[in-house]
Number of protein chains: 2
Amino acid sequence: MVKSKIPQATAKRLPLYYRYLNNLQHQEKTRVSSKELSEAVKVDSATIRRDFSYFGALGKKGYGYNVEYLLNFFRETLDQDELTEVALIGVGNLGTAFLKYNFLKNNNTKIVKAFDTAGTKIGTEIGGVPIFHIDELEERLPGIKVVILTIPASEAEVMTERLVKIGVEGILNFTPARITVPSHVRVHHIDLAVELQALVYFLKHYPLEDKKE
Amino acid sequence: MVKSKIPQATAKRLPLYYRYLNNLQHQEKTRVSSKELSEAVKVDSATIRRDFSYFGALGKKGYGYNVEYLLNFFRETLDQDELTEVALIGVGNLGTAFLKYNFLKNNNTKIVKAFDTAGTKIGTEIGGVPIFHIDELEERLPGIKVVILTIPASEAEVMTERLVKIGVEGILNFTPARITVPSHVRVHHIDLAVELQALVYFLKHYPLEDKKE
DNA sequence: ATGGTTTTGTGAAAGTAATCACGAAAACTT
DNA sequence: AAGTTTTCGTGATTACTTTCACAAAACCAT
C-alpha cells in the first residue's frame, strides 16, 4: 500500500481523475496525455503529472498514459472495488438529492440507509434507500463508518455526539454548525452559504481577467 | 477598499467568522477573544488573528475583539449591506434545498429567480422565489451576475455558454462537469460525489488519532 | 535505422498558508 | 499603584502546493 505521503491536495483530485478516465474508457480511448487530461479536468498538466508520480511511474514518455492501466491502478488505490457503505441522516431536500444521486456509478460508495424524524417518510424508500426513524439509529447504524449529515444546524451537535458514540469515523457535514468531535473522527465540512458568499466576495475583490482558474 | 492582498484562504473563512459573530451578538456578548472564536469555528487562534490583521488592528491587547465593532467592520468588508442577487438554474432536489435555505439571514445574498424546464414548476414559487421557464433566461437574467447551477451534468456545458453570453460573472457549479469559461468568469466547483469519495479516501489512508483537524 | 517530435517524471524555484513564539499593550486584581 | 494575567499583532519559521523547465525516454514518420 502506498504510504500516507500523498499530499492531501492530490488526494482530493484523485476522484476527479478517476471519473474522467472512466469517461475515456467508455469512449474507447486507449491513451491520454497529461495535457488532454488537463484541459478536461481544469488542472495544470504539471500538477497532474506530479500527482500521478506519487504513485510511481505510471506513464510512458512520448506516449502518455494508458487509460485502462491507469484506471485499474486507481481502482485499487481509491478502494473502488471495496464498497463503502454510507448512511444519510436527514431526508430533507438536500438529503433527497443525495439519495437520488447514484453514487455507485463511478464510486463504489453507496448510501445504504437513511434516517429522519418525519413520520410520512419512515418506511418508504428514495432512490432504493430505505428510510428509518432516527430512534432506530443505535440499532441500525453499527457497521457503518461514514455518515452524510443533512439536518438542521440546531440538531447537529447532539446528533454528532450520538454518531460518535455509535462509532462513526467520518462525517460529511452539510450543516452550518462547526461540530465538535474527538480527534479520531474526521469531519469534512461543506457549507453552502459560505461557498456562495465566498464566490461573491471573490467576484468583488479579486477581479480576474486573464487568470487561468 | 482593502486591496486584493488578502489571501484567498482568509477570504474563505470570513463568512464563517461573520456568521459566528452574529450569533455572539444575538447572545449579547460584547467581547470575544481569538481563543474563544477558535474553539467555535475550529480554526487555529493564530490563524484567526492573522486573518483579522490583514484588515488592520481590529482588536485590543488583553481584551480581545469588540463584537459589535468587528461585525460592523466585516459587514462593510463582506459587502453585507449591499444585496447581491443570485439566480438558480435547475429546480431539482438540490436546487429546491437552496431555495428553501434562507440565505438572507446572515448573508445579504439572495436568490431572486429560479429557472427550470419542468412544466409543473413553472409559475410557482418555492421559498418565495419565482420559477421561470428556462426559455426566458435571456430576457429575465440580465442584471444578475451570479448563478447557482444545479442541473444535470449533461446540460452543464451548453447552459454555461448561454450564461456566459448573457453576462454572468460567477458560477457556483454543483454539476460534476468541469465547465469551460472565458478567463473573466469565476467558477467555484462543489462536487458532492468527489467530496464523499475524498472523505472515504482520507479515512482509509490518513488515519488520524491525535490530529487537531 | 535515423531524426524530429511528443510527453513523461522530477529537481528546483516560486507561491501560498499555517503555526510558533514572544514583545507590547491593555486589562484585571489586590 | 504595582504586579499579574490576558491577549493581540507579527516576525520568523515551517509546511504544503503549484509551477517552471528540461533531460531522458519513447514514439512516429520516412
Side-chain angles (χ1 to χ4, degrees), chain A residues 2-14 16-17 21 24 29-67 69-70 73-74 189 198 202 205-206 208 210-213, chain B residues 2-14 16-17 21 24 29-67 69-70 73-74 189 198 202 205-206 208 210-213:
Chain A
V2 183
K3 225 21 247 126
S4 307
K5 50 183 179 286
I6 286 119
Q8 306 218 352
T10 296
K12 282 191 188 165
R13 284 186 292 264
L14 295 181
L16 195 61
Y17 299 148
L21 290 170
L24 287 180
K29 278 226 177 195
T30 55
R31 56 182 277 192
V32 66
S33 69
S34 61
K35 189 150 164 287
E36 274 175 83
L37 258 171
S38 171
E39 277 151 29
V41 301
K42 318 283 185 212
V43 172
D44 186 87
S45 69
T47 301
I48 292 177
R49 291 199 300 281
R50 172 84 58 199
D51 283 346
F52 288 178
S53 78
Y54 292 115
F55 299 97
L58 304 177
K60 269 191 202 161
K61 302 187 177 185
Y63 173 88
Y65 301 90
N66 179 284
V67 173
Y69 176 78
L70 208 52
F73 185 86
F74 280 133
H189 237 278
F202 280 127
H205 297 272
Y206 295 77
L208 30 84
D210 48 347
K211 275 193 59 180
K212 268 157 281 169
E213 202 260 345
Chain B
V2 184
K3 224 24 243 126
S4 308
K5 51 183 178 287
I6 285 119
Q8 305 218 351
T10 296
K12 282 192 189 165
R13 283 186 292 264
L14 295 180
L16 195 60
Y17 299 149
L21 289 170
L24 287 179
K29 277 226 176 192
T30 55
R31 57 181 278 196
V32 66
S33 69
S34 61
K35 189 151 164 286
E36 274 174 85
L37 258 172
S38 171
E39 277 152 28
V41 300
K42 319 283 186 212
V43 172
D44 185 87
S45 68
T47 301
I48 292 177
R49 291 199 301 281
R50 173 84 59 199
D51 283 346
F52 288 177
S53 78
Y54 292 115
F55 300 97
L58 303 177
K60 266 191 203 165
K61 302 185 176 188
Y63 173 88
Y65 301 90
N66 180 284
V67 173
Y69 176 78
L70 207 52
F73 185 86
F74 281 132
H189 236 277
F202 280 127
H205 297 273
Y206 295 78
L208 28 83
D210 48 347
K211 275 193 61 180
K212 269 158 280 169
E213 199 261 346

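Protein chains get the first letters and strands the later ones, always in sequence-line order, with residue 1 at the start of each.
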Side-chain heavy-atom pair Phe73(B), Leu21(B) within 4.5 angstrom cut-off: no

Listed partners of Tyr17(B) passing ring pair (Phe, Tyr, Trp, His ring centres under 6.0 Å), at least two apart: Phe52(B)

With sequence neighbours excluded, residues passing side-chain contact (heavy atoms from CB on, under 4.5 Å) with Lys60(B): Tyr63(B)

Integer-rounded Å distance: dA21(D) P and Asp44(A) CG: 12 Å

Nearest heavy atoms of Arg31(B) and Gly62(B), plus distance in Å: NH2-O, 4.0 Å

Gap between atoms CZ and C1', on Phe55(A) and dG9(C) respectively (whole Å): 15 Å

Spacing between Lys35(A) atom NZ and dG9(C) atom P, to the nearest angstrom: 17 Å

Short side-chain N/O contact from Tyr65(B) to OP1 or OP2 of dG9(D), under 4.0 Å: yes

Rounded distance (Å) that lies between atom P of dA25(D) and atom CG of Asn66(A): 21 Å

Pairwise side-chain contact, His189(B) with Lys42(A), heavy-atom cut-off 4.5 Å (strictly under): no

Under-4.0 Å side-chain N/O to phosphate OP1/OP2 contact, Thr47(B) with dT19(C): yes

Distance below 4.0 Å between Ser34(A) side-chain N/O and dT7(C) OP1 or OP2: no

Net bend of the helix from dA1(C)-dT30(D) to dT30(C)-dA1(D), end axes of five pairs each, nearest 10 degrees: 30°

For atom NZ of Lys5(A) and atom C1' of dC16(D), their distance in whole Å: 17 Å

Listed partners of Ser53(A) passing side-chain contact (heavy atoms from CB on, under 4.5 Å), at least two apart: Arg50(A)

Euclidean distance, atom NZ of residue Lys12(A) to atom P of dT18(D) [Å, nearest integer]: 10 Å

base_contact_polar (dT17(D) base, Arg50(A) side chain, donor-acceptor, <3.5 Å): no

Under the salt bridge (charged side-chain N to carboxylate O under 4.0 Å, His left out) test, residues paired with Arg13(B) that sit two or more places apart: Asp51(B)

Closest contact, heavy atoms only, Leu14(A) versus Phe74(A): CD2-CE2, 3.9 Å

Atom pair distance, as rounded to whole Å: CG in Asp51(B) and P in dT16(C): 16 Å

Heavy-atom pair with the smallest gap, counting every atom of Ser34(A) and Arg49(A): OG-NH1, 3.1 Å

Ala9(A) side chain, from C-beta outward: closest of dT10(C), dA12(D), dT17(D): dT17(D)

Annotated protein contacts, base or backbone, on nucleotides 21-30 of chain C with a non-hydrogen cut-off under 4.0 Å, one of B, S, - each: B-BBBBSS--

Atom-to-atom span, OH of Tyr54(B) to C1' of dC8(D) - whole angstrom: 15 Å

